[in-house]
Amino acid sequence: MPLSDQELMHEVASGNEVAFGELYDRFGKLVFRVAWQFFPNRSESEDAVQEVFIRLWRTADRFDADRAKLVTWVMLIARRHMIDRLRRKHTRPTTQDYVSDPMGDGPNQTEDPMEIRAELKVRMERLSELQKEVVARTYFQGFTLKETAEQLGAPLGTVKSALSRALATMREGPKPEM
Amino acid sequence: MTESVSHPDEPSTLEDDLILDALGLLDESESVELQQLLKQLPASEREAARVLQAEWAAEAPLPLVTPRSHLRAACIASAARAAEQSPEHHLKLTLSRQTKIHRKATRSAAIWRAAALAMFAGMLAMIMLNNQSLTWQEQQARSNGKQRNLEALEISPKINGILANRGNKVLQFEQAELGSGQLVWNDSTGDFVLLSRGLPKNVAMVQIRLNEKVMFEQAYQASGGQFQADVVEQSALRNTDGQTVTVAFLDQDGTAVLTRSISVS
């Protein structure tokens with residue numbers, strides 16, 4: 001019987017390597033996808049994933065299953081880490097990094113980076129102009145919602161609702177395997 | 001800089017906030033506010049919110065990429081390296097042993113506690129400084145007692161930050177019926193943490209001396225039988241190799257209640 005979220009993180013916090021491996025098995029793909037979203041090249045994404053898993057190990061005993069499911073916790077830690085890393089780099093990816101750069105190295109030798117980017121491009125084409133701007137700035141480039149609201153001269157609530165609905169539209173594409 | 005993109009004024013809903021929070025898009029303060037709000041909702045609605053967030057986290061619109069198979073081993077190796085380089089390493093071992101012994105005990109080992117326990121692992125090696133007459137079993141028993149006491153102590157992130165430094169030096173002091181404690185300092189930064197327990201009520205001041213020169217002096221109110229922790233970031237204890245470090249607790253008249261010195265090597 002698989003460990004519950006809380007049991008797994010308990011074991012991870014105790015330094016149990018098997019449990020740590022299971023944590024990777026459950027969420028390695030997800031964290032890699034988050035990393036790729038911010039750092040669309042293989043080596044940097046892989047470095048970032050390793051850092052996230054160290055961070056997950058270090059914070060494992062703060063996980064509270066009553067507050068959130070583990071996947072939500074992992075996503076939160078992963079994304080916050082990527083934003084921290086992005087800010088240290090002082091550069092931010094542009095939307096073009098995801099939709100039209102044919103020179104970047106692929107995440108996997110069996111996958112076509114052009115195909116990945118084209119798929120994202122199709123998803124973004126369904127969005128309104130405001131939604132595209134908000135998604136590009138917050139979701140891909142790591143600007144905060146407040147920063148984005150100021151940049152666009154839009155109320156914070158409007159930016160939030162535009163982003164939430166844009167993500168819902170984008171999510172309607174092919175669902176990733178867990 | 002403000003750019004012109006037309007936008008209908010459409011306020012966000014609770015569901016919007018839950019989705020953005022699940023994807024790590026809310027500021028931390030907003031996320032905390034949202035958690036506070038959720039606490040006020042009925043259990044069924046909180047559970048629905050948890051499920052919604054988990055669905056969004058699992059099915060976020062992300063690039064459909066797959067990591068290479070070697071990444072799993074690389075992550076495990078990175079974590080193992082980080083553990084070895086961390087002062088928490090010994091502590092993790094300590095925690096593992098405790099977990100086996102107290103399998104059904106309440107689990108709440110926070111990072112600060114790990115750091116504090118790591119410090120005590122280091123202190124086992126230092127015990128010889130002032131407990132030379134004790135047998136190993138007696139020392140172990142005393143140390144275990146201290147660990148349990150430390151588990152009840154809330155150590156702030158700032159103290160934890162100092163304790164987490166590598167290469168800390170430790171001066172342990174203990175005297176029957178007068179209390180006990182530790183001075184932990186970092187030779188590079190000079191910052192130190194003073195932990196004490198059970199000091200007499202007449203203690204009114206603490207001094208830290210380097211070769212008998214007072215480097216730090218402060219009013220000190222002992223908290224009876226409870227552990228207390230004080231952090232000092234004054235760069236007072238730098239480059240102490242070859243010098244004598246003394247911690248002295250004085251009463252109101254300046255008379256020593258408890259002193260302990262160590263020649264740092």
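Each chain gets a letter, A, B and so on, in the order its sequence line appears, and its residues count up from 1.
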Practice item. Using non-hydrogen atoms and a 4.5 Å limit, figure out which bit of A:Val74 sits close to chain B: side chain, backbone, both or neither. Key: neither
**Study point:** A:Ala168, part contacting chain B, at a heavy-atom distance under 4.5 Å
**Key:**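 Both the backbone and the side chain of A:Ala168 come within 4.5 Å of chain B.
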Please classify the contact between [X] and chain A as side chain, backbone, both or neither, with a heavy-atom cut-off of under 4.5 Å.
{"X": "B:Glu28", "answer": "both"}
{"X": "B:Leu20", "answer": "side chain"}
{"X": "B:Leu26", "answer": "both"}

Exercise for review: Go through B:Arg50 and A:Arg67 one step at a time and tell me if the side chain to side chain contact (heavy atoms under 4.5 Å, CB included) criterion holds.
Suggested key: CA-CA 7 Å; B:Arg50 249 168 37 106; A:Arg67 197 176 144 183; over 6 Å; no
Review point. Quick one: of B:Asp21, B:Asp27, B:Ile19, B:Leu23, who has the most non-hydrogen atom pairs under 4.5 Å with chain A?
Key: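 Going by pairs under 4.5 Å, I would pick B:Leu23.
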Revision key, fill the gap. Ranked by heavy-atom pairs below 4.5 Å to chain A, first place among B:Gln53, B:Gln35, B:Glu55 goes to B:Gln35
Exercise for review: Indicate yes or no: does A:Lys160 engage B:Glu30 in a salt bridge with an N to O separation below 4.0 Å.
Suggested key: yes
Review point. If only atom types and distance count, is the side chain of A:Arg165 paired as donor or acceptor with the main-chain N or O of B:Asp16 below 3.5 Å?
Key: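 No: the side chain of A:Arg165 does not pair with the backbone of B:Asp16.
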Review point. Has the side chain of A:Arg171 got a donor or acceptor atom that lies under 3.5 Å from a matching backbone atom of B:Pro61?
Key: no
Taking atom [atom1] of [X] and atom [atom2] of [Y], what is their separation to the nearest 0.5 Å?
{"X": "B:Arg68", "Y": "A:Ser45", "atom1": "CZ", "atom2": "OG", "answer": "10.5 Å"}
{"X": "A:Arg79", "Y": "B:Leu62", "atom1": "CZ", "atom2": "CG", "answer": "9.0 Å"}
{"X": "A:Trp36", "Y": "B:Leu64", "atom1": "CH2", "atom2": "CG", "answer": "12.0 Å"}

Check your understanding: Pick from A:Leu70, A:Ile77, A:Asp66: which one has the most heavy-atom pairs with chain B under 4.5 Å?
Key ->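 Among the listed options, the one with the most contacts to chain B is A:Asp66.
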**Study point:** Step-by-step side chain to side chain contact (heavy atoms under 4.5 Å, CB included) determination, A:Glu46 to B:Cys75
**Key:** CA-CA 9 Å; A:Glu46 289 180 348; B:Cys75 283; over 6 Å; no
Review point. So, for B:Ala22 and A:Met75, which heavy atoms are closest and what is the spacing to 0.1 Å?
Key: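 For B:Ala22 versus A:Met75, the nearest heavy atoms are O-CG, 3.1 Å.
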Exercise for review: Locate the shortest heavy-atom distance separating B:Ala57 from A:Thr72; write the atom from each residue and the value.
Suggested key: CB-CA, 3.8 Å
Exercise for review: With the side chain counted from C-beta on, respond yes when A:Phe32 and B:Leu71 share a heavy-atom pair under 4.5 Å apart, and no when they do not.
Suggested key: yes
Practice item. Side-chain contact test, heavy atoms from C-beta onward, threshold under 4.5 Å: evaluate it for A:Lys29 versus B:Pro67 and give yes or no. Key: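 Touching, per the 4.5 Å side-chain cut-off.
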Practice item. Assess whether side chain to side chain contact (heavy atoms under 4.5 Å, CB included) is satisfied between B:Trp56 and A:Leu167, documenting all intermediate values. Key: CA-CA 10 Å; B:Trp56 268 90; A:Leu167 293 171; 3.7 Å; yes
Review point. Is the number of heavy atoms from other residues, nucleotides or ligands within 6.0 Å of CD (B:Glu45) greater than 12?
Key: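 Atom CD in B:Glu45 is crowded, with more than 12 foreign heavy atoms closer than 6.0 Å.
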